[in-house]
Amino acid sequence: MKSSNDFYNRVFKVVKQIPYGRVTSYGAIARYIGAPRSSRTVGYAMNASHGEQDVPAQRVVNRNGLLTGKHHFQGTNLMQQLLESEGIVVIDDKVQNFKKVYWDPNIELPAFKE
DNA sequence: CGGCTGACGTAAC
DNA sequence: TGTTACGCCAGCC
């Protein structure tokens, strides 16, 4: 197996492991699952995360801390509201103190374990 | 089977 | 330091 389906599965799994009040980037997840060049595909996988209620896609932003995928959410600023509800300061679709709330699975997590 | 698109990232200018 | 161009992998037409 280890096919595209697994790729999505890994992305979902990592995103689900994101702690409360923290955010991460697509590239970090991509690198963690073993696809450092598939950052774009990670975001694409997030598109399918809509079927996964346990996947806090709002905690996943780009390297700049910008809420690039907020447009894909139901509401116009639903993503921002969710992040602010977690204590994350979001101004102009940009995560403030991104360095503080940034959560890197490659650092926080020892290794990928199924 | 070929080509285009896309919630990104890095390099180059 | 800001902007532009390219690459990357997976999904869809």
Side-chain angles (χ1 to χ4, degrees):
Chain A
M1 341 298 215
K2 307 318 230 46
S3 288
S4 44
N5 195 326
D6 187 62
F7 188 90
Y8 276 43
N9 192 10
R10 292 191 192 193
V11 176
F12 297 147
K13 200 172 279 191
V14 176
V15 175
K16 286 177 184 178
Q17 289 171 79
I18 302 176
Y20 179 89
R22 298 279 174 153
V23 295
T24 188
S25 59
Y26 303 96
I29 299 173
R31 196 163 84 162
Y32 186 70
I33 64 181
R37 266 86 216 178
S38 314
S39 44
R40 299 183 67 174
T41 318
V42 174
Y44 203 79
M46 301 304 307
N47 224 352
S49 71
H50 282 264
E52 308 284 328
Q53 59 178 351
D54 290 320
V55 179
Q58 71 274 10
R59 290 182 190 161
V60 184
V61 296
N62 68 344
R63 213 37 180 110
N64 275 313
L66 193 71
L67 281 64
T68 48
K70 82 156 215 163
H71 201 101
H72 283 252
F73 277 75
Q74 294 180 358
T76 315
N77 54 345
L78 175 63
M79 189 175 184
Q80 180 174 335
Q81 288 183 39
L82 288 171
L83 290 173
E84 290 183 326
S85 293
E86 297 185 3
I88 300 175
V89 183
V90 180
I91 301 176
D92 192 37
D93 303 337
K94 166 74 159 45
V95 178
Q96 305 304 307
N97 301 328
F98 181 60
K99 216 159 143 192
K100 290 168 59 176
V101 298
Y102 182 58
W103 179 82
D104 194 333
N106 301 284
I107 301 174
E108 304 297 328
L109 295 179
F112 195 89
K113 217 62 177 171
E114 260 186 72

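A, B, ... follow the sequence lines: proteins, then strands. Residue 1 opens every chain.
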request  = Grab the CG-P distance between A/Asn64 and B/dG9 for me, whole Å please.
outcome  = 8 Å
inquiry  = How many whole angstroms separate atom CD1 of A/Ile33 from atom P of B/dG9?
reply    = 13 Å
message = From C-beta outward on A/Asn47, which listed nucleotide comes closest to its side chain: B/dG9, C/dA10, B/dA7?
response = B/dA7
request  = Examine B/dC8: is either OP1 or OP2 under 4.0 Å from a nitrogen or oxygen in the side chain of A/Thr68? Give yes or no.
outcome  = yes
query = A/Asn62 has a side chain; which of B/dG9, C/dG11, B/dG6 sits nearest to it?
reply = B/dG9
ask   = Over how many whole Å does the gap from A/Lys70 atom NZ to B/dG6 atom P extend?
value = 19 Å
inquiry  = Without decimals, in angstroms, what is the distance between A/Tyr44 OH and C/dC8 C1'?
reply    = 15 Å
task = Kindly check if the number of other-residue, nucleotide or ligand heavy atoms within 6.0 Å of NZ (A/Lys16) is above 12?
result = yes
task = Kindly write out the residues that satisfy ring pair (Phe, Tyr, Trp, His ring centres under 6.0 Å) with A/Tyr102, not counting sequence neighbours, or none if the list is empty.
result = A/Phe98
inquiry  = Within the 4.0 Å heavy-atom criterion, would you say A/Ser25 contacts the bases, only the backbone, or no part of the nucleic acid?
reply    = sugar-phosphate
key: Proximal nucleotide (of B/dA7, B/dT10, C/dC9) relative to the A/Tyr26 side chain   = B/dA7
ask   = From B/dA7, C/dC9, B/dG9, pick the nucleotide closest to the side chain of A/Arg63?
value = B/dG9
note = A/His71 atom NE2 is separated from B/dG6 atom P, nearest whole Å, by 12 Å
note = Side-chain atoms of A/Thr41 come closest, of B/dA7, C/dC9, B/dG9, to C/dC9
inquiry  = When you measure only distances, ignoring hydrogens and angles, does the side chain of A/Arg40 come within 3.5 Å of the base of C/dG7 through a donor and an acceptor?
reply    = yes
task = Please confirm whether the backbone N or O of A/Lys13 pairs with a side-chain atom of A/Gln17, one donor and one acceptor, at under 3.5 Å?
result = yes
task = For A/Asp6 and C/dG11, give me the distance from atom CG to atom P, rounded to whole Å.
result = 11 Å
key: A/Val95 and A/Val89, any side-chain heavy atoms less than 4.5 Å apart   = no
remark   = Of the candidates B/dA7, C/dA10, C/dC9, the side chain of A/Met46 sits closest to B/dA7
query = Considering residues, nucleotides and ligands other than A/His50, do more than 12 of their heavy atoms fall under 6.0 Å from its NE2?
reply = yes
inquiry  = At less than 3.5 Å, do the side-chain atoms of A/Ser39 and the base atoms of B/dC8 form a donor-acceptor pair?
reply    = yes
request  = Could you tell me the separation between the CG atom of A/Leu83 and the P atom of B/dA7, rounded to a whole number of Å?
outcome  = 18 Å
message = Tell me the interatomic distance from A/Arg10, atom CZ, to C/dA10, atom C1', rounded to whole angstroms.
response = 14 Å
